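Please read all numbers here as calculations on a predicted model, not as lab measurements. Heavy-atom basis, side chains included; hydrogens, waters and symmetry copies ignored. Whatever order the structure lists them in is the order used to number ligands and atoms, beginning at 1.
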Amino acid sequence: MLRTIAAFDRIGEENAFAVLARANALAAQGRDIINLGIGQPDFRTPDFIVEAAVKALRDGHHGYTPANGIPPLREAVAADLAKRFKVEVSPDSVMIMPGGKPTMFMSILMFGEPGAEIMYPDPGFPIYRSMIEFTGAKPVPVPIREENAFAFSAEETLKLITPRTRLLILNSPANPTGGVTPKSEVDKLIAGLEKWPDVAIMSDEIYDHMVYDGETHVCLLSYQSIRDRLILLNGWSKTYAMTGWRLGYAVWPGKLYDYARKLAVNLHSCVNASAQYAGLAALKGSQDEVRKMVAEFDKRRKVVVEGLNKLPGVSCATPKGAFYAFPNVKRTGWKAKALASALLEDAGVAIIGGPDFGILGEGYVRLSYANSTENILKALDRMGEFLSNRKAA
Ligand code: PLP
């Protein structure tokens, strides 16, 4: 009998990948499936970025790079943050990572152990809780409520902090809700955190380019009072349609940087060299493609919200960021996961049940509108027909 550690009985996963596999299996059987499940842009990576990777390989960038990333890329990340948010970041605190996820993995690993508490948004990205459980720390959900436009409540968050809290995970713009926490609320939260100087903060800002209705993204790096304990998670996956490249970055404070660098050396040595050159081209090149993609998401957002609000038993608040809608389906009489599953099997529409993002996700489903308007409209039609004709199971 192999004796693996008990932590592996506790680790979770992301059901969006299981739904994707099921949707692909049904499509392979010839079914017409519309996938509003997985959270990845339906656009191609802009050509000039792809060309930069090809060129890097042709130029002989085949070898290991420094574990923390090639210096010009770390400098470009620092310059990009300075330009967009007027924050000063040393390239020496920037680490290039193989995607956004490894930053949550590493930071939860740094702070999680039995007896420790880690706070995370619920509903929220499922890997936060999974990793917290893996480390043996106590997961403390921070409720993210529809009544609060799916923003963090500073008051509610601060009340949940205890002397055992080691790490607070924040995510705005948010997956799965599309919620954006307004600056006034972030200000309150940061002010309150001054009373808790031993609590580290990991801010997952992977959707920072995708904010709508004239909102501006609030980057937590702009709060000096928490800079010595703030970990920033970001990357290229969503902004530049680069999910499969596995390219992300983190800004680590103080000694955490060296811990993360050592973890990288132990784990992956360095990020794929050509992907790093692609990332460099992405940051240094024209941002027109990004603007176009975001404008297109904005258009689809309106289509999806309007369509959802016409469905029987469904109401959908307008998401202010990312590319997700998180409609309330309580009045349909369906449990959210049963509804998502029946919609995929019977109506050929892949979406994700809210409980896959936490206990407070019951009564909601997540639709990713990273799909064409035509497909979104078709999916909404199918959902309407399904809800009008099928009784809740
Ligand atoms: N953080 C959030 C909130 C996400 O939604 C995702 C991807 O869905 C990630 C991080 C992970 O990004 P990556 O694919 O770069 O690992």
Side-chain angles (χ1 to χ4, degrees), residues 12-20 35-43 45 49 69 73 77 95-108 120-132 142 144 150-152 167-181 201-211 217 219-220 231-251 260 264 267-268 271-272 275-276 278-279 282-283 297 319-326 350-352 354 356-358 361 366-371:
E13 56 187 314
E14 220 188 314
N15 199 34
F17 281 97
V19 172
L20 178 65
N35 198 337
L36 306 183
I38 195 81
Q40 71 177 335
D42 56 319
F43 304 107
T45 304
I49 300 176
L73 185 54
V77 167
M95 188 164 305
I96 307 305
M97 307 285 284
K101 259 183 190 166
T103 301
M104 59 187 83
F105 185 95
M106 287 187 184
S107 36
I108 295 168
Y120 68 102
D122 180 342
F125 192 54
I127 299 305
Y128 306 143
R129 184 180 175 114
S130 159
M131 272 306 297
I132 298 167
V142 176
I144 303 294
F150 295 120
F152 273 86
L167 177 68
L168 164 64
I169 300 174
L170 300 170
N171 173 222
S172 174
N175 178 7
T177 59
V180 169
T181 303
I201 300 135
M202 189 199 70
S203 183
D204 181 344
E205 302 186 15
I206 197 124
Y207 296 101
D208 65 349
H209 281 266
M210 291 155 201
V211 285
H217 175 67
C219 177
L220 261 65
I231 303 157
L232 178 77
L233 179 161
N234 210 327
W236 285 258
S237 295
K238 316 286 173 174
T239 308
Y240 297 98
M242 289 176 75
T243 49
W245 293 72
R246 308 314 301 138
L247 187 67
Y249 68 83
V251 177
L267 190 63
H268 56 263
V271 174
N272 175 307
Q276 294 192 54
L283 291 180
F297 285 138
K320 293 231 180 283
F323 42 62
Y324 305 109
F326 203 60
I351 60 171
I352 314 285
D356 285 335
F357 303 96
R366 187 192 81 174
L367 281 79
S368 156
Y369 49 86
N371 204 323

Which of the listed options, Arg246, Lys101, Met97, Gln40, holds the heavy atom that is closest to atom 11 (C) of ligand 1? Lys101

Can you tell me if Thr243 has a non-hydrogen atom under 4.0 Å from ligand 1? no

Among all protein heavy atoms, pick the one closest to atom 3 (C) of ligand 1 and tell me residue, atom and distance. Asp204 OD2, 3.2 Å

With distance as the sole test, does Ser368 use its side chain to make a donor-acceptor pair with the main-chain N or O of Gly39 at under 3.5 Å? no

Judged by atom type as modelled, is there a donor-acceptor pair below 3.5 Å linking the side chain of Glu205 to the main-chain atoms of Leu220? yes

Can you tell me if Tyr207 contacts ligand 1 (heavy atom of the residue under 4.0 Å from the ligand)? yes

For the backbone of Pro173 and the side chain of Asn171, can you confirm whether one donor and one acceptor N or O come within less than 3.5 Å of each other? yes

Please work out which of Phe105, Tyr128, Phe125 has its closest non-hydrogen atom nearest to atom 6 (C) of ligand 1. Phe125

Counting from 1 in the order shown, the ligand 1 atoms closer than 4.0 Å to a non-hydrogen atom of Lys238 are 6 (C), 7 (C), 8 (O)

Tell me if a side-chain donor or acceptor on Arg366 pairs with a main-chain N or O of Ala325 at a distance below 3.5 Å. no

Are Phe323 and Tyr207 close enough that their ring centres sit under 6.0 Å apart? yes

Can you pull out the closest protein heavy atom to atom 13 (P) of ligand 1? Residue, atom name and distance to 0.1 Å, please. Gly100 N, 3.4 Å

Can you measure from CG (Leu233) to CE (Met97) and round to the nearest 0.5 angstrom? 8.0 Å

Counting distance only, does the side-chain N/O of Lys320 pair as donor-acceptor with the main-chain N or O of Ala151 below 3.5 Å? no

In this structure, atom 15 (O) of ligand 1 is nearest to the protein heavy atom Ser237 OG, 2.6 Å

Please could you name the atoms of ligand 1 that Met104 approaches to less than 4.0 Å, counting only its heavy atoms? 1 (N), 10 (C)

Among protein heavy atoms, which sits nearest to atom 12 (O) of ligand 1, and what does the distance come to when rounded to 0.1 Å? Ile206 CD1, 3.7 Å

Counting C-beta onward and ignoring hydrogens, is there a side-chain heavy-atom pair between Trp236 and Thr45 closer than 4.5 Å? no

Please list, in number order, the atoms of ligand 1 under 4.0 Å from a heavy atom of Asn175. 3 (C), 4 (C), 5 (O)

